[in-house]
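One structure is given below, encoded as structure tokens.
For the numbers below, each heavy atom of this structure counts, side chains included, while hydrogens, waters and symmetry mates do not. Bear in mind that the values here come from a model prediction, so they are computed numbers and not experimental data. So you know, we letter chains A, B, ... as the sequences are listed, proteins then strands, and number each from 1.
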Number of protein chains: 2
Amino acid sequence: MSSDLSALLGDLITVNNRLTRVAAHAAHGTESAATWRTLSVLRQLGPIRLGELAARSRVSQPTATKLVTHLAERGWAERLADPLDARVASTVITPSGVAALDAWRSELAEALLPMFSGLTDAEVETLEEAIGILRARLDGSETPAVRPAVHTTSVGALPGTSAVHSSSTSPGASAAAGASA
Amino acid sequence: MSSDLSALLGDLITVNNRLTRVAAHAAHGTESAATWRTLSVLRQLGPIRLGELAARSRVSQPTATKLVTHLAERGWAERLADPLDARVASTVITPSGVAALDAWRSELAEALLPMFSGLTDAEVETLEEAIGILRARLDGSETPAVRPAVHTTSVGALPGTSAVHSSSTSPGASAAAGASA
DNA sequence: TGGACATACATAGTCAGACTATGTATAGTG
DNA sequence: CACTATACATAGTCTGACTATGTATGTCCA
């Protein structure tokens with residue numbers, strides 16, 4: 001019954017774009033979506049080099065610089081000097097940043113509740129599983145674009161490529177939904 | 001403990017934001033996401049007044065004006081004068097617009113295929129259902145009078161057989177797939 | 001050891017989508 | 001026939017995103 005993967009992806013992005021507008025209205029009095037997205041990545045991946053953050057967030061390196069600067073001004077992230085390489089400026093989320101992220105999630109959820117009230121248990125489970133599937137794909141696919149390095153530094157093994165292929169009705173989805181980076 | 005709806009919604013929006021970045025890279029040589037989102041709404045809802053389009057797209061009325069102007073310049077949409085009310089400028093998608101939308105979907109799907117290759121049938125089904133659930137909520141929560149879910153059509157019943165572009169529902173009141181309050 | 005090249009991040013400048021505030025034309029009403 | 005409400009257009013601004021480029025540091029090799 002799986003019609004066409006092409007159509008599925010088209011619908012996925014279309015719905016995604018519409019949801020983005022809804023979220024923009026929901027998180028009104030707070031920061032931008034880019035801020036929260038970046039904070040989420042920081043919380044999930046811990047101290048991370050700026051270039052790696054840019055790749056994971058699918059933004060350009062200058063954009064990542066701006067976002068981190070913004071977070072640092074808010075006290076939600078800090079830059080750490082790398083003792084082994086003075087060029088590197090790793091970024092960490094601060095406790096204040098974690099708190100802010102949690103607060104945003106709460107506010108967002110409250111704003112979206114009317115739209116998503118009355119979901120059946122089955123629907124909630126479906127959404128949880130779908131989120132898990134998408135997250136696995138987002139985390140697992142290493143950035144195709146920015147990786148011209150032929151150099152084999154091989155210091156920090158990237159934590160990606162979790163290779164999660166849990167089928168539906170497996171416990172993986174609910175766990176992924178609850179963990180929340 | 002499966003359902004903390006608050007956490008689910010937070011995860012949903014976070015994943016959504018990350019997917020948006022992926023899509024931005026995928027549809028590279030073409031128009032913006034706002035263009036395709038608007039075009040999708042136009043195809044789904046047929047001739048539609050500008051204010052209604054803005055509400056459905058979750059953008060302000062001036063933004064809708066700009067988007068429609070852009071579409072009209074491309075020849076992808078046309079403004080229709082309302083014989084009963086000279087203030088009204090309804091908008092319709094043109095055949096050229098439908099073709100452009102289909103082309104975008106194809107290009108997008110091709111670009112995203114590597115990331116989503118190897119999905120199991122169950123995973124595809126889960127994503128299809130999730131898309132249906134979200135679409136129902138997006139379509140349903142618009143007007144003060146929420147359209148009641150009429151029948152319990154399975155989401156898997158999307159046709160997808162006749163044309164290259166399936167889904168995106170049919171015009172009219174087909175929004176209630178899978179709502180089942 | 002020192003110069004050439006590569007890498008990591010920062011800065012500058014630009015573009016587009018989104019908003020609020022406001023203007024203009026038409027419709028409805030007492 | 002004004003008087004208000006409605007529907008859309010216009011003006012101006014903010015911000016996230018990009019490309020192009022600059023600066024500092026690391027690495028390689030003669």
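- For A:Leu50, taking side-chain heavy atoms from C-beta onward, the closest of the listed nucleotides D:dA9, D:dA17, C:dC9 is C:dC9.
- Annotation: the span from B:Thr126 atom OG1 to B:Glu129 atom CD amounts to 6.0 Å, rounded to 0.5 Å.
- One interatomic measurement links the two molecules: CG of A:Leu39 to C1' of D:dG16, which rounds to 16 Å at whole-angstrom precision.
- Residue-to-nucleotide proximity on DNA chain C shows that, of A:Pro62 and A:Arg21, the 5′-proximal contact is made by A:Pro62.
- Take A:Arg18 and apply the salt bridge (charged side-chain N to carboxylate O under 4.0 Å, His left out) test, not counting sequence neighbours, and it matches B:Asp139.
- The stretch residues 76-90 of chain A touches DNA chain D through A:Asp85, A:Ala86, A:Arg87, each having a heavy atom under 4.0 angstrom from the strand.
- At a threshold of 4.5 Å between non-hydrogen side-chain atoms, the residues A:Thr35 and A:Arg74 do not count as touching.
- Contact annotation: A:Ser32 does not reach the phosphate of D:dT15 (side-chain N/O to OP1 or OP2, under 4.0 Å).
- When side chains are defined from C-beta on, A:Leu8 does not count as touching B:Glu125, because their heavy atoms never get closer than 4.5 Å.
- For D:dA17, neither phosphate oxygen OP1 nor OP2 lies less than 4.0 angstrom from any side-chain nitrogen or oxygen of A:Ser60.
- For the residue pair B:Gln44 and B:Ser40, no side-chain donor N or O sits within less than 3.5 Å of a side-chain acceptor on the partner.
- Residue A:Thr65 places at least one side-chain N or O closer than 4.0 Å to OP1 or OP2 of C:dA10.
- For the pair B:Gln61 CD and C:dG23 C1', the interatomic distance rounds to 11 Å; values are reported in whole Å.
- Taking 4.5 Å as the limit, some side-chain heavy atom of B:Leu42 sits within range of a side-chain heavy atom of B:Leu71.
- Across the protein-nucleic acid pair, B:Glu31 atom CD and C:dC15 atom C1' stand 13 Å apart, rounded to whole Å.
- Side-chain atoms of A:Thr20 and B:Asn17 form no donor-acceptor pair, as typed in the model, at a separation below 3.5 Å.
- When each of B:Ile48 and A:Ala34 is assigned the nucleotide of DNA chain D bearing its nearest heavy atom, the one mapping closer to the 5' terminus is B:Ile48.
- Within the 3.5 Å criterion, the main-chain N or O of B:Arg58 finds a donor-acceptor partner in the side chain of A:His25.
- The side chain of B:Thr63 contributes no N or O atom lying less than 4.0 Å from OP1 or OP2 of C:dG17.
- Whole-Å rounding puts the B:Leu67 CG to D:dC8 P distance at 15 Å.
- Atom P of nucleotide C:dG17 and atom CG of B:Leu53 are separated by 15 Å, given to the nearest angstrom.
- In this structure, A:His25 reaches the C:dC19 phosphate: one of its side-chain N or O atoms is under 4.0 Å from OP1 or OP2.
- Distances shown here put every side-chain N or O of B:Arg58 at or beyond 4.0 Å from the OP1 or OP2 atom of C:dC19.
- Stem list for DNA chain D (at least 3 consecutive Watson-Crick or G-U pairs, distances under 3.5 Å): C:1-30 with D:1-30.
- Nucleotide D:dT15 holds its P atom 16 Å from the CZ atom of A:Arg37, rounded to whole Å.
- Under the 3.5 Å distance criterion, with hydrogens and angles disregarded, a donor-acceptor pair is assigned to the side chains of B:Thr65 and B:Gln61.
- Rounded to whole Å, atom C1' of D:dA17 lies 14 Å from atom CG of B:Asn17.
- At a threshold of 4.0 Å, the pair B:Arg43-B:Asp102 counts as salt-bridged, since one of the basic side-chain nitrogens sits closer than that to a carboxylate oxygen.
- A:Arg49 has its CZ atom 12 Å from the P atom of C:dT7, to the nearest Å.
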